[in-house]
Amino acid sequence: MTMEVSLASLSFPTVELPVESYVYQYCPSAASGVNVSELLMEIIDKEIYKEDYASITTYFQREPISYDDAIKSVEIIARSGIFEE
């Protein structure tokens, strides 16, 4: 099975990638056996998206939410056990 990835412009060709390569490269949490809660905690602990949040995400927010408030919500989800099988 393949997944079509359009580059959003007619001037670029469409590329077909195996679904597995797309999932593993761009969405590691979708890969089998990945501990999503652990992955989220790593994102929190290393502040992986903090700079991105400040420079990009807040631009699109009608009512800005601080990074600290947003990341607290992610931590609640990570610790909730929702991803356990």
Side-chain angles (χ1 to χ4, degrees):
M1 178 152 111
T2 60
M3 177 182 203
E4 186 176 304
V5 179
S6 175
L7 297 175
S9 171
L10 295 176
S11 62
F12 293 100
T14 298
V15 178
E16 286 194 9
L17 299 172
V19 170
E20 294 80 14
S21 72
Y22 183 84
V23 167
Y24 297 141
Q25 184 175 356
Y26 297 106
C27 189
S29 63
S32 178
V34 171
N35 184 325
V36 176
S37 294
E38 190 175 285
L39 186 62
L40 289 174
M41 291 307 296
E42 181 179 350
I43 288 169
I44 294 165
D45 294 340
K46 294 182 178 179
E47 298 183 334
I48 292 171
Y49 290 108
K50 188 172 188 171
E51 189 175 311
D52 176 81
Y53 190 88
S55 63
I56 298 171
T57 305
T58 55
Y59 173 81
F60 294 103
Q61 294 175 338
R62 185 174 185 182
E63 295 180 25
I65 299 169
S66 72
Y67 174 83
D68 291 334
D69 287 342
I71 210 69
K72 284 176 190 171
S73 296
V74 174
E75 185 173 4
I76 289 168
I77 292 167
R79 294 184 186 281
S80 73
I82 193 169
F83 299 108
E84 295 177 7
E85 292 184 27

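Since we're looking at a predicted model, the values are computed, not measured. Numbers for residues simply follow the sequence, beginning at 1.
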>> Distance check, rounded to the nearest 0.5 Å: E47 atom CD versus D68 atom CG?
In response: 8.0 Å
>> Under the criterion side-chain contact (heavy atoms from CB on, under 4.5 Å), I'd like the reasoning laid out for I65 against Y53: C-alpha separation, chi angles, the key distance, then a yes or no.
In response: CA-CA 10 Å; I65 299 169; Y53 190 88; 3.7 Å; yes
>> Are M41 and I82 connected into the same hydrophobic cluster when the rule is that any two of I, L, V, M, F, W, Y join if their side-chain heavy atoms are below 4.5 Å apart?
In response: yes
> If you draw a 6.0 Å radius around CD in E51, do more than 12 non-hydrogen atoms from other residues or ligands fall strictly inside?
Replying inline: no
>> Nearest 0.5 angstrom please: L40 CG to E38 CD, how far?
In response: 10.5 Å
> Where do A78 and S37 come nearest, in terms of heavy atoms and distance?
Replying inline: O-OG, 2.9 Å
> Is the number of heavy atoms from other residues, nucleotides or ligands under 6.0 Å of F83 CZ greater than 12?
Replying inline: yes
> Nearest 0.5 Å, what's the OG1-CG distance between T58 and D52?
Replying inline: 9.5 Å
> Atom CD1 in I43, atom CD1 in I48: separation rounded to 0.5 Å?
Replying inline: 5.5 Å
